[in-house]
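Below is one structure, written out as structure tokens; the observations come after it.
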Amino acid sequence: MSNVKYAVKKDVCLGRNSFKCVWKMSSGEWVRSQAFDILMWSLIFLGRKFNSLRSYSYKAASFLDYLYVGLQLCEVVDKHSYILLARLYHAYLTQGLNSLSPVVQAIARRRPSPMFSIKTSKVHHAAVQQLIKACNEYCTDSSALPENTEPGEEVMYLGALRLVGLPRSEQELQVLARVYGRHFNKPVQSERLRIFAHLPRTPRNDDPHEIEKYFPLDKIGELISSATSHRDAALWALIGATSLRASEALQVLWCDISFKNRQIYAVNPTERGNFDHAYRGVSASQIDRLAWKGRTTKHTLLLEPYGDMFFEQLELYLKYEYQGGAAHKFVFQSKDGYPLCFCDYGSVVVEPFARAAEKVLGAKSDPYRLKLHSLRHSYCFYMKNFVEHTDGVGLTDYEIMALTGHADIASVARYAIVSLKALNEKLAVAFQDFKSNKTRNMNELLLGFHEKRILALKREIAKEQEARENNIVE
């Protein structure tokens, strides 16, 4: 979504990589958005990482640009104009010219709507909410910032949006109860601002059986082989073998790989004991851009054959493509020896994978499967449904959680989905048995189940006893 008036540019704030939002006046002078600067300060105070700053910056700038276009259509610019435009932002993002609101239609004619989904619109509103909260806090106590300047009109109006439709206080509810003689509901605690209470509520998770986000297991080997460079092949094999996030894989250092034990470690940059030595040759600005989403373990378990493919491709990468004279210790680098994790992610990492995936899967493949993150889904899907172990087939979500480093079991459930085909096959046996014995009651069905289990256990014991006897004879 391109900006009409506002432009986002790189900046430095509080010693951190940040962004600024500027527009060009009729005199030719570039002016910074005070509201945007306040947002960046707020995010840095909250300890948000560089990727969050970047994501919020473009979403906030898009909203400010939408406001600029909308306010040009208002006869009077006041608090009510801001309230109206803020509440219509969702309709603009999702409906555009199809909206029932003449205001949204007029804005969309001047600035085309991106036509986002409801889910994407809510992500954009999260950035807008942070912008409103930051402006409100600045208006309440501007001493929090070093430049103690008076808030501009835009900041004051945006800050006032936080107070629109505030839930009733406990004291007000008690007064109403006494006046009307009945109990009123208590204020609901919610992170969503009341001005955006009209946003539709969507389920947290999609139906896992309808949207398969994992890369087909039988196609991963072909995908790795179709890479146009050994570096890309090694990167894809690493993610497929370990379920690392792309950001985690790109930040692997040579000291994180044990060639002797064939082990790969995913180390949080902030928890490295030899930090200065590990990131020698890396500037402070680059270190600030290192991303870490919260993996809880450095250990990985290699899924074969992708583990073997990784070490094979890594050897070829070292021999033919790696620039040995690089000052840094990152494994993956550009053709010029620059750390790959600091290169443009879209053109250097995403596009090569999307081209190879489309070649392997076909042009009509699910768009999510053309993303590198789909390999992480494949790892979890395999571990959930097909890996064989001492207790049968498939790991539990908690076991998978230990492998992937997720901090929340609910997050694992979005990856480790149950194969509907495998589930149907398991149930088909039980249904067939029930169909042939449909006159039996519950106790009889349970007895039949346990009798089968006893026979299976007796066979296992007989095998173990036979093995022991053979060992004695030998």
Side-chain angles (χ1 to χ4, degrees), residues 1-11 13-14 16-23 31-71 74 77-94 107 111 113-114 116 120-142 144-145 147 149-166 190-199:
M1 197 158 51
S2 61
N3 294 313
V4 176
K5 179 181 178 182
Y6 292 88
V8 177
K9 297 184 178 181
K10 294 181 179 179
D11 195 27
C13 180
L14 289 176
R16 291 279 309 278
N17 288 300
S18 183
F19 298 88
K20 60 183 178 181
C21 188
V22 298
W23 76 85
V31 180
R32 295 175 68 123
S33 166
Q34 185 188 30
F36 190 92
D37 286 344
I38 292 171
L39 171 65
M40 289 294 105
W41 276 89
S42 173
L43 293 175
I44 292 174
F45 280 141
L46 292 173
R48 298 294 176 87
K49 299 296 184 182
F50 174 77
N51 287 344
S52 296
L53 297 181
R54 179 173 55 191
S55 176
Y56 274 47
S57 65
Y58 287 100
K59 292 177 175 64
S62 295
F63 175 71
L64 292 173
D65 200 32
Y66 157 83
L67 280 180
Y68 170 74
V69 177
L71 292 173
C74 298
V77 177
D78 55 12
K79 176 182 177 181
H80 298 290
S81 302
Y82 274 77
I83 293 174
L84 174 65
L85 292 173
R87 284 179 168 160
L88 289 175
Y89 191 48
H90 174 71
Y92 165 76
L93 291 177
T94 58
I107 296 175
R111 187 179 190 276
S113 167
F116 287 146
T120 303
S121 172
K122 293 174 71 174
V123 174
H124 276 252
H125 276 77
V128 176
Q129 288 192 135
Q130 190 61 48
L131 173 67
I132 293 173
K133 290 178 181 179
C135 289
N136 175 261
E137 292 171 359
Y138 179 79
C139 293
T140 304
D141 182 15
S142 59
L145 300 182
E147 297 180 2
T149 57
E150 290 295 324
E153 182 182 86
E154 182 181 62
V155 174
M156 290 190 295
Y157 283 139
L158 285 172
L161 294 179
R162 187 176 188 178
L163 307 177
V164 175
L166 280 177
S190 174
E191 294 183 0
R192 178 184 293 184
L193 296 182
R194 295 288 291 180
I195 192 171
F196 296 134
H198 63 286
L199 293 182

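Because only heavy atoms are used, hydrogens play no part in the values below, and waters and symmetry mates are left out as well, while side chains stay in. Predicted model only: the values in this text are computed from it and were never measured.
Here the OG atom belonging to Ser18 is positioned 5.5 Å from the CE atom belonging to Met40, to the nearest 0.5 angstrom. One finds the CZ atom of Arg32 at 11.0 Å from the NZ atom of Lys9 (value rounded to the nearest 0.5 Å). One distance of note links CG of Asp78 with NE2 of His80; it measures 6.0 Å at 0.5 Å rounding. For the atom pair CG of Leu158 and CG of Asn136, the computed distance is 10.5 Å after rounding to the nearest 0.5 Å. In this structure, the separation between CD1 on Ile195 and NE2 on His125 is 9.0 Å, given to the nearest 0.5 Å. Here Tyr68 contributes atom OH and Glu154 contributes atom CD; the two are 12.0 Å apart, rounded to the nearest 0.5 Å.
Two residues are said to be in side-chain contact when any heavy atoms from C-beta on lie closer than 4.5 Å; Leu85 and Tyr82 fail this criterion. Residues Tyr138 and Gln34 have side chains in contact (heavy-atom distance under 4.5 Å, counting atoms from C-beta outward). With contacts defined as side-chain heavy-atom distances shorter than 4.5 Å, the pair Leu193/Val164 does not qualify. Considering only heavy atoms from C-beta on, Phe116 stays 4.5 Å or farther from Val123 through its side chain. Taking 4.5 Å as the limit, every side-chain heavy atom of Thr120 sits out of range of all side-chain heavy atoms of Thr94. Looking at Arg162 and Glu137, their side chains come closer than 4.5 Å, going by heavy atoms from C-beta outward.
By the ring pair (Phe, Tyr, Trp, His ring centres under 6.0 Å) test, Tyr66 is found to be paired with Tyr89, Tyr92, residues two or more places apart in sequence or in another chain being considered.
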*Chi angles and distances behind the side chain to side chain contact (heavy atoms under 4.5 Å, CB included) call for Arg48, Tyr56*: CA-CA 10 Å; Arg48 298 294 176 87; Tyr56 274 47; 3.6 Å; yes
_side chain to side chain contact (heavy atoms under 4.5 Å, CB included) between Arg194 and Leu163, worked out_ = CA-CA 8 Å; Arg194 295 288 291 180; Leu163 307 177; over 6 Å; no
*Report the C-alpha separation of Leu64 and Ser33 in whole Å, then their side-chain angles, then the decisive distance to 0.1 Å, and conclude whether the side chain to side chain contact (heavy atoms under 4.5 Å, CB included) test is met.*
CA-CA 9 Å; Leu64 292 173; Ser33 166; 3.7 Å; yes
*Would you please test Asp37 and Lys20 for salt bridge (charged side-chain N to carboxylate O under 4.0 Å, His left out) and show each step?*
CA-CA 6 Å; Asp37 286 344; Lys20 60 183 178 181; over 6 Å; no
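Counting all heavy atoms, side chain and backbone alike, Ile107 lies closest to Gly70 at CD1-CA, 3.7 Å. Across all their heavy atoms, Gln130 and Ser42 have their closest contact at NE2-OG, 3.3 Å. Closest non-hydrogen pair, Leu71 versus Ser81, comes out as CD2-CB, 4.1 Å. A pairwise comparison of heavy atoms in Val155 and Cys135 identifies O-CB, 3.6 Å as the closest pair. Tyr157 approaches Lys79 most closely through the heavy-atom pair CE2-N, 3.4 Å. The shortest heavy-atom contact between Leu39 and Ala60 is CD2-CB, 3.5 Å.
The pair Asp65-Arg111 counts as a salt bridge, with a side-chain nitrogen and a carboxylate oxygen less than 4.0 angstrom apart.
With Ser57 contributing its side chain and Arg54 its backbone, the two residues share a donor-acceptor pair below 3.5 Å.
For His198, the NE2 atom sits in a packed shell: over 12 heavy atoms of surrounding residues, nucleotides or ligands are nearer than 6.0 Å.
For the pairing with Phe19, the ring-ring contact (aromatic ring centres under 6.0 Å, His included) check across Trp41, Phe36, Tyr6, Phe50 returns one residue only, Phe50.
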